[in-house]
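Because the structure is predicted, anything quoted here is derived from the model rather than measured. Side chains are part of it too, since the values below use all heavy atoms of this structure and drop only hydrogens, waters and symmetry mates.
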Amino acid sequence: MEHLPVEVVGNILSRLGAARDVVIASATCCKWREAYHKHLHTLSFNSNDWPVYRDMKTSRLQILITQTIFQTTGLKGLYILMDGVDKFSASTVIAWLMYTRETLRRLVYNVQTTPSINILEICGRQKLETLVLAHNSITGVEPNFQRFPCLKSLSLSNVSISAMDLSLLLSSCQKIETLKLVNPEIAMSDAQVTVELSSPTVKSIYVEAVSLDKFVLEADSIECLHLKGCALEVFELVGKGTLKHFKIDDVSVLHLDIGENFENLEIVDISNFSILWPKFYNIVLRSSKLRRLRLCEVVFDEEDEVVDLERIAVCFPQLTHLSLRYDFRDNIALSYLEGSSDLVNVTVLELSWHVIDEFFSFWVEEMLKRFPNLKKMVIHGLISEARREDYQILANFTSFIVELMRKYMHLEVRFEFE
């Protein structure tokens, strides 16, 4: 160990992450102490990692963090997550950020201060590449003075911000590639809550727990779009057909418009969602590159439209990975079995249930007959403590699978139960 360069020791200490572990490790010897002072590039203060933070007096905790940060000289990553801790003094937090901002590349910030501080004003015009904000407010964004020329990833969680400031903030990030919005508190002056965002560089967007009348997203380079737990009347995506991964989970939307060009679409993952079959069909009809399809608790509003393996085989000939949910109560499981076409390119099949019954074994056996080149099958299951009879059904299913797999010796089978 004594032959390690001091810069390597600094990298080792940075891998520890938690500030408490770093300080303890740095006491190993003088060389490690030097590495902590001059070559440490990551520090993390997280009340979930060390609950003692919550038991300290606020003044003592602030002093401890200040002493730890001020003994470093080139921090690139600073993580301050203080849930369940009293509000910090704004002047103290400003001192931390002012001391580190010139070298900082990654900032994860979840600190309540009194009074509140404008973190954009402090960290703007610097070399920050990743910014994660939680439980704070953003007001009065000035893109001419609060630009983030190097920022590639922006995450806002439980942040209070107006629709206009959110739009201005995104426009001030000239190189942003990843945007994450989780349960934002959108302040609006009008009765209709509308958010319009535009970015020519963003590639991945994740939106969770957002309720809006209208959400318009203009992103010419977007590759991944994930909507989760949202209630939207209108969602529009304006782009140039670069979307590769589309995922929607537990979303209520009256009008969904994500464009017409889906030549690059490779992954479609839809669960807990109602959609018109023609709308879904038009989304992926020209997706000749579609490789993965997941349909879980999807309700198609037109009764005369049946989603079966026949349609899937015809629409998506390049499909290699298919995931389906078993639901015998609404005959969804039986509808999948209609038709006669085999899915010859599918090599991975994932089958799951929400409520298991005695017909699930039959369904699995019939499904396997339609995938002649299958290599791997994954069974996802949910076992409810309130349904003790499920255990006997599961036992019978296990015995059935043992017998069935003797016919499919080449097949890899995996079970994942919750």
Side-chain angles (χ1 to χ4, degrees), residues 203-206 219-228 237 239-249 251 256-273 275-300 302 305-326 332-352 363-380 408 410-414 416:
K203 295 181 179 180
S204 177
I205 297 179
Y206 176 84
D220 290 340
S221 302
I222 189 169
E223 297 180 358
C224 179
L225 174 61
H226 185 179
L227 304 177
K228 181 178 181 181
L237 172 65
K240 294 184 177 180
T242 57
L243 193 64
K244 294 182 178 180
H245 184 177
F246 177 53
K247 184 173 183 177
I248 186 166
D249 181 11
V251 172
L256 176 68
D257 184 359
I258 61 172
E260 297 180 354
N261 187 349
F262 302 102
E263 295 179 357
N264 295 301
L265 199 60
E266 298 178 0
I267 301 174
V268 172
D269 189 332
I270 301 180
S271 58
N272 301 299
F273 187 61
I275 189 172
L276 290 170
W277 171 258
K279 172 69 72 173
F280 175 76
Y281 188 79
N282 289 334
I283 288 176
V284 294
L285 175 62
R286 293 175 292 277
S287 304
S288 59
K289 298 179 182 179
L290 194 71
R291 297 180 293 103
R292 296 171 63 109
L293 175 64
R294 179 173 180 262
L295 300 176
C296 180
E297 295 190 32
V298 179
V299 177
F300 293 95
E302 294 195 3
E305 296 291 352
V306 177
V307 183
D308 51 36
L309 294 182
E310 183 78 20
R311 282 182 177 268
I312 294 174
V314 172
C315 293
F316 321 121
Q318 301 301 317
L319 203 66
T320 61
H321 192 133
L322 178 62
S323 301
L324 299 174
R325 171 68 66 91
Y326 171 83
I332 295 177
L334 290 180
S335 68
Y336 282 132
L337 298 175
E338 296 186 9
S340 58
S341 295
D342 292 339
L343 288 85
V344 296
N345 290 320
V346 174
T347 58
V348 179
L349 177 64
E350 295 190 56
L351 303 176
S352 61
W363 186 66
V364 172
E365 183 176 18
E366 292 301 310
M367 290 288 287
L368 283 177
K369 296 177 181 178
R370 306 289 292 276
F371 301 90
N373 298 314
L374 197 65
K375 297 180 180 179
K376 181 178 181 179
M377 181 174 67
V378 183
I379 303 292
H380 301 272
Y408 300 90
H410 65 285
L411 191 62
E412 176 188 350
V413 181
R414 194 174 76 221
E416 296 181 359

Undergrad: Any donor-acceptor pair under 3.5 Å linking the side chain of Asn264 with the backbone of Gly241?
TA: yes
Undergrad: Do the side chains of Ile205 and Ile222 get nearer than 4.5 Å, heavy atoms only?
TA: yes
Undergrad: What pairs with Ser352 under side-chain contact (heavy atoms from CB on, under 4.5 Å), at least two apart in sequence or on another chain?
TA: Arg325, His380
Undergrad: What closest approach, in Å, do Leu265 and His245 show between heavy atoms, and which atom pair accounts for it?
TA: CD1-N, 4.2 Å
Undergrad: Hey, could you give me the SG/CZ distance between Cys296 and Phe273, rounded to the nearest 0.5 Å?
TA: 14.0 Å
Undergrad: Scan Glu350, Arg291, Lys376 and name whichever one has a side-chain hydrogen bond (donor to acceptor under 3.5 Å, both in side chains) with His321.
TA: Glu350
Undergrad: Using a strict 4.0 Å threshold on nitrogen-to-oxygen distance, state whether Lys289 and Glu266 make a salt bridge.
TA: no
Undergrad: What's the separation between atom OG in Ser323 and atom CG in Leu349, rounded to the nearest 0.5 Å?
TA: 7.5 Å
Undergrad: How far apart are the C-alpha atoms of Met377 and Glu412, what are their side-chain angles, what is the distance that settles it, and do they pass the side-chain contact (heavy atoms from CB on, under 4.5 Å) test?
TA: CA-CA 6 Å; Met377 181 174 67; Glu412 176 188 350; over 6 Å; no
Undergrad: Does the side chain of Lys369 reach to within under 4.5 Å of the side chain of Met367, using non-hydrogen atoms?
TA: no
Undergrad: So Trp363 and Tyr326, would you call those rings parallel, tilted or perpendicular, with 30° and 60° as cut-offs?
TA: tilted
Undergrad: Is there side-chain contact between Val348 and Val346, with heavy atoms separated by less than 4.5 Å?
TA: no
Undergrad: How long is the gap from CG on Leu322 to CZ on Phe316, to the nearest 0.5 Å?
TA: 9.5 Å
Undergrad: Of the non-hydrogen atoms in Arg370 and Glu310, which two are nearest, and what is the gap between them?
TA: NH2-N, 4.0 Å
Undergrad: Considering only heavy atoms from C-beta outward, does the side chain of Lys247 approach that of Ile267 to under 4.5 Å?
TA: no
Undergrad: Determine the minimum heavy-atom distance between Pro317 and Asn345, stating which atoms define it.
TA: O-ND2, 2.6 Å
Undergrad: Which pair of non-hydrogen atoms, one from Leu411 and one from Lys375, has the smallest distance, and what is that distance?
TA: CD1-C, 3.3 Å
Undergrad: Going by salt bridge (Lys or Arg N to Asp or Glu O under 4.0 Å), name the residues that satisfy it together with Arg292, two or more places apart in sequence or in a different chain.
TA: none
Undergrad: Should Asp220 and Thr242 count as side-chain neighbours, where that means a heavy-atom distance under 4.5 Å?
TA: no
Undergrad: Are Asp257 and Leu237 side-chain neighbours, meaning at least one heavy-atom pair lies under 4.5 Å?
TA: no
Undergrad: Using the test ring-ring contact (aromatic ring centres under 6.0 Å, His included), find all partners of Phe371 that sit at least two apart in sequence or belong to another chain.
TA: none
Undergrad: Any heavy-atom pair between the side chains of Val268 and Leu290 that's under 4.5 Å?
TA: yes
Undergrad: State, to 0.1 Å, how close Asp269 and Arg294 come at their nearest heavy-atom pair, and which atoms those are.
TA: OD1-NH1, 2.8 Å
Undergrad: Do Phe246 and His226 have side chains that get closer than 4.5 Å, going by heavy atoms?
TA: no
Undergrad: How far does CD of Glu366 sit from CG of Leu309, to the nearest 0.5 angstrom?
TA: 11.0 Å
Undergrad: Looking at every heavy atom in both Ala313 and Asp342, which two are closest together, and how far apart are they?
TA: CB-O, 4.2 Å
Undergrad: Using 0.5 Å steps for rounding, measure from the CG atom of Leu225 to the OG atom of Ser204.
TA: 8.5 Å
Undergrad: CG of Leu343 to CG of Leu374: how many Å apart, nearest 0.5 Å?
TA: 10.0 Å
Undergrad: Could you please spell out the steps behind the side-chain contact (heavy atoms from CB on, under 4.5 Å) verdict for Leu351 and Val364?
TA: CA-CA 8 Å; Leu351 303 176; Val364 172; 4.1 Å; yes
